[in-house]
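Side chains included, hydrogens not; waters and symmetry mates left out as well; all remaining heavy atoms used.
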Amino acid sequence: MTPELTALALAGLLQMVQFALFAVPANLELGTRYTSSPRDKPPERPVSTLTGRLQRAMNNHFEGLILFTLAVVVVTLSGQSTATTAILAYTYLAARILYIPAYALGLTPWRSAVWAVGWFATLALMLTALI
């Protein structure tokens, strides 16, 4: 397996961890009666600030993971895995790991800076495959 695919697999596992980090407190705060329902109506009370931030961080990673997956697939299928692409893939992963506490703790502007590192690593990974 290429380093980029390993980073992608780890990013997928990270997404699953993020889901648990959000789902456990959401179930405790809203109750399983609501969280297991079809959610046709909004909850009677909002989730806590921290739980809301964990949900938004998780959703943000879903969005970033789409582009990162695209970049990894292009690099891997075109046989262009290099030390540079491996570093870029692990940079994305490190940024996504750091993004969780940065978002959860409301670290402004660091949350956005960490997000940008991951985004630019993904961009560079795609551009590297095209060159």
Side-chain angles (χ1 to χ4, degrees):
M1 183 176 339
T2 66
E4 298 82 8
L5 285 174
T6 301
L8 179 58
L10 292 171
L13 290 173
L14 177 64
Q15 187 67 26
M16 296 172 91
V17 167
Q18 284 189 263
F19 179 78
L21 287 172
F22 159 67
V24 170
N27 275 290
L28 292 172
E29 293 171 21
L30 299 175
T32 54
R33 185 172 181 201
Y34 175 77
T35 60
S36 63
S37 75
R39 300 180 202 168
D40 294 329
K41 298 177 183 175
E44 293 176 12
R45 61 189 178 278
V47 295
S48 69
T49 299
L50 176 60
T51 302
R53 288 176 181 175
L54 290 170
Q55 182 180 30
R56 291 188 298 277
M58 176 190 70
N59 290 339
N60 184 274
H61 189 213
F62 272 122
E63 295 167 4
L65 195 55
I66 293 167
L67 293 174
F68 180 66
T69 300
L70 224 164
V72 168
V73 167
V74 169
V75 166
T76 301
L77 291 181
S78 64
Q80 296 186 63
S81 177
T82 65
T84 300
T85 59
I87 289 168
L88 290 169
Y90 281 105
T91 299
Y92 168 86
L93 182 61
R96 293 314 310 187
I97 291 168
L98 293 172
Y99 187 78
I100 300 166
Y103 204 133
L105 298 172
L107 302 179
T108 306
W110 305 111
R111 174 187 67 90
S112 296
V114 169
W115 176 88
V117 168
W119 191 86
F120 281 112
T122 302
L123 175 64
L125 195 58
M126 285 188 200
L127 292 175
T128 300
L130 292 172
I131 300 174

For Phe19, does the CZ atom have more than 12 heavy-atom neighbours from other residues, nucleotides or ligands under 6.0 Å away?
no

So with a 6.0 Å cut-off around CZ of Arg39, is the heavy-atom count from everything else above 12?
yes

Might you point out which heavy atoms bring Tyr34 and Pro43 nearest each other, and give the distance in Å?
OH-CD, 3.2 Å

Closest approach of Ala86 and Pro3, non-hydrogen atoms and distance?
CB-CB, 3.6 Å

Quick one: which residue pairs count as a side chain to side chain donor-acceptor pair (under 3.5 Å) with a foot in residues 17-28, not counting sequence neighbours?
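Listed once each, the pairs are Gln18-His61, Asn27-Thr35.
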
Listed once per pair and sorted, the side chain to side chain donor-acceptor pair (under 3.5 Å) pairs that draw on residues 96-111, sequence neighbours left out:
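Listed once each, the pairs are Arg56-Tyr103, Asn60-Arg96, Tyr99-Arg111.
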
Would you kindly confirm whether [X] and [Y] end up in one hydrophobic cluster when ILVMFWY residues are joined by side chain heavy atoms under 4.5 Å apart?
X     : Y     : result
Val47 : Met58 : no
Tyr92 : Ile97 : no
Leu10 : Val73 : no
Leu50 : Val24 : no
Met16 : Leu98 : no

Do the side chain of Glu29 and the main chain of Ser48 share a donor and acceptor less than 3.5 angstrom apart?
yes

Closer than 3.5 angstrom, by distance alone: can the side chain of Ser78 be matched with the main-chain N or O of Val75 as a donor-acceptor pair?
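Confirmed, Ser78 side chain pairs with Val75 backbone.
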
Just how far is it from atom CG of Leu65 to atom CG of Leu70, taken to the nearest 0.5 Å?
11.0 Å

Pairwise side-chain contact, Phe62 with Ile66, heavy-atom cut-off 4.5 Å (strictly under):
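They are not in contact (no side-chain heavy atoms under 4.5 Å apart), so the answer is no.
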
Are any of the side-chain heavy atoms of Leu8 and Leu93 separated by less than 4.5 Å?
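No, their side chains stay 4.5 Å or more apart.
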
Check residues 112-131 and write down every donor-acceptor pair under 3.5 Å in which the side-chain atom is one partner and the other belongs to a residue at least two apart or another chain.
{"from": "Thr122", "atom 1": "OG1", "to": "Gly118", "atom 2": "O", "distance (Å)": "3.0"}
{"from": "Thr128", "atom 1": "OG1", "to": "Ala124", "atom 2": "O", "distance (Å)": "2.6"}

Do the side-chain N and O atoms of Ser81 and Glu4 include a donor-acceptor pair separated by under 3.5 angstrom?
yes

How far apart are the C-alpha atoms of Leu13 and Val17, what are their side-chain angles, what is the distance that settles it, and do they pass the side chain to side chain contact (heavy atoms under 4.5 Å, CB included) test?
CA-CA 6 Å; Leu13 290 173; Val17 167; 5.6 Å; no

Checking Leu54 against Ile100 for the side chain to side chain contact (heavy atoms under 4.5 Å, CB included) test, could you report, in this order, the C-alpha distance in whole Å, the side-chain angles of both residues, the deciding distance, and whether it holds?
CA-CA 7 Å; Leu54 290 170; Ile100 300 166; 4.2 Å; yes

